Each structure stands twice: as C-alpha cells, then as structure tokens.
Amino acid sequence: MCDVCGCGDPEVVSVPLHERILSANERRAEHNRSHFREHGVLAINVMGSPGSGKTALLEATARRAPDLSLAALSGDLATEHDAERLARAGIRARAITTGSACHLDAGMVHHGLDHLDWESADCLFIENVGNLVCPAIYDLGQRANVVALAVTEGEDKPQKYPVMFRAADLVLLTKIDLLPHLPDVRLERIEQSLARVMPEPRLLALSARTGEGMDAWLGWLEESAHGTG
Ligand code: MG
C-alpha cells in the first residue's frame, strides 16, 4: 500500500505528515520547473487509467511528428516495457519503476532527469503511473497536464474522478476507432460528464491506431512547445 497516496485516510498517514510530504514535493517540483524553463522544454504530465492508451499515444506522436524532438520518463510499478516501446518509436526514454508507489513525485522525476538526455528536447513527456487519483495531487514541475481517457472507460469517469479532470489542461479521448463496436457509448455523454468537473472543457478525440484526430493533438503540442507559456 502506498503511504503517501494523498487519500487522506488517517489510518494510513496523518494529515500534518501528509501536508509536510506535499510541501516538500512542491519545493522539488519548483526546482524541476526551473530546469525545464532554463532549457525551454515543454514538460507534460501525461496521466490516465492503466490501459487508457498513454504509451500508444506517445508512440503515435513520435511517428507523426518527426520534426519534434521528444524525450520521455515513463512510470510504472514494475518493468521498463513502456520506456522500451517509446525508445523503439524514436523517443529518448527512461523508465521510472516506483515499486509500490501509485504515482510519480517530483523527486523521482528529478532523479530520472539525471539519467536522460532531455535538455535539447522540444517536449518532455512524463508518463505517470496509470491511476486516476494520486498523480493529480503531485506537482512534478510540468507546464501542462494531459489526461488520456479511453472510450471504453465509462461515460461518467470524469465525474467519478473530478480531481484529475479538474486539473487537466487537455483531455484526450482515446481509442475512438473502437466506437463502432461500442453501440452504447455516446460521445456527448462523455462531454457532458467532463463539462461538470472541468472548468473550461478541452477535449480532443483521437485514435493512435488509425491516426484519426491526431493532427489536432499535434497542433496543440506544437503550439504549446513553441508558444511562450
Ligand atoms: Mg503506459
């Protein structure tokens, strides 16, 4: 069990201790942010459930944006599989294996940066551990939060995990190539659920498999990477 997951359960961690952990993380996140600013790197915290298509999204991004220099840290409890997939797609990638922790924190990211050639990248993806709760609570120093939500996850997922979706700058509705096989799933119901928790809903629907919708995502990425933000 994670002892710093932010669930607020006093049996797991006291509130004062939890606040101290978060405040130490904030300082480390600010340190990371200054590194990213110094090198002009757009750092994006990519979050979503396990199986929401985060890694596939990044692979497809690399394939379709050969002019963007991409680096990635990829978090999972175990294995380096995702970092290996990203490296095969042409992204400079490093795995962060968290053991039992259900999220990345700013210290893990800083340690990962020490072992990755990221300074010359346009964009650093920080692929968080698959989880819709704790990753939203821990600042990593990123400039933007992107949340992957697969069409198979249930139309009311944003309302069930409001902290995650409220913190998102962009939500990517993934795996839309599966929609013909999901006759009960309605896009407008997902949009309505998101609108209830995300102050200014920003949703792009795409398929990493077919490429449908990828241009809008790449446009957002280019604009964010080369904008002043
Ligand atoms: Mg992954």
Side-chain angles (χ1 to χ4, degrees), residues 2 5 42-65 68 70-106 108-113 115-116 118 121 123-154 157-158 161 163-165 167-178 203-214 217-218 220-221:
C2 171
C5 75
L42 170 66
I44 298 180
N45 187 2
V46 182
M47 297 178 280
S49 303
S52 57
K54 299 182 292 300
T55 313
L57 168 75
L58 301 186
E59 288 175 307
T61 301
R63 285 197 299 270
R64 288 169 183 273
L68 270 182
L70 302 176
L73 293 170
S74 188
D76 272 308
L77 270 66
T79 85
E80 300 189 353
H81 292 175
D82 285 1
E84 289 164 2
R85 281 173 57 185
L86 296 177
R88 283 196 293 274
I91 302 178
R92 279 168 276 161
R94 173 95 189 172
I96 301 176
T97 46
T98 64
S100 59
C102 53
H103 59 273
L104 296 180
D105 65 29
M108 294 177 200
V109 168
H110 191 268
H111 181 74
L113 293 175
H115 298 87
L116 179 69
W118 62 274
C123 181
L124 170 73
F125 295 116
I126 306 168
E127 185 190 344
N128 219 309
V129 177
N131 179 348
L132 281 178
V133 185
C134 316
I137 299 165
Y138 285 78
D139 186 3
L140 306 177
Q142 74 276 8
R143 186 164 4 131
N145 287 330
V146 171
V147 179
L149 171 67
V151 292
T152 49
E153 290 189 55
K157 209 59 166 297
Y161 296 89
V163 176
M164 171 65 69
F165 290 92
D169 296 291
L170 177 67
V171 175
L172 298 177
L173 187 64
T174 60
K175 308 191 185 184
I176 57 169
D177 53 295
L178 294 178
L203 179 74
L204 296 176
L206 58 80
S207 165
R209 171 175 284 274
T210 66
E212 186 181 355
M214 284 293 291
W217 154 242
L218 294 176
W220 183 92
L221 198 56

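We count ligands from 1, going down the list as the structure has it; atoms in each ligand are counted the same way. Nothing here was measured: the structure is a model prediction, and the numbers come from that model.
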Stepwise side chain to side chain contact (heavy atoms under 4.5 Å, CB included) check, D177 with E212: CA-CA 8 Å; D177 53 295; E212 186 181 355; 6.0 Å; no
Side chain to side chain contact (heavy atoms under 4.5 Å, CB included) evaluation trace for M214 with T61: CA-CA 8 Å; M214 284 293 291; T61 301; 3.9 Å; yes
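Distance check for T55 against the Mg ion (ligand 1): an N/O/S atom falls below 2.8 Å. With a cut-off of 2.8 Å, the Mg ion (ligand 1) has no N, O or S atom of D76 in range.
The N, O or S atom of E127 lying closest to the Mg ion (ligand 1) is OE2. The name of the N, O or S atom in D82 nearest to the Mg ion (ligand 1) is OD2.
Between R94 and L73 the shortest side-chain heavy-atom distance falls below 4.5 Å.
Between H115 and H111, the angle of the ring planes lies from 30° to 60°, which puts this pair in the tilted group.
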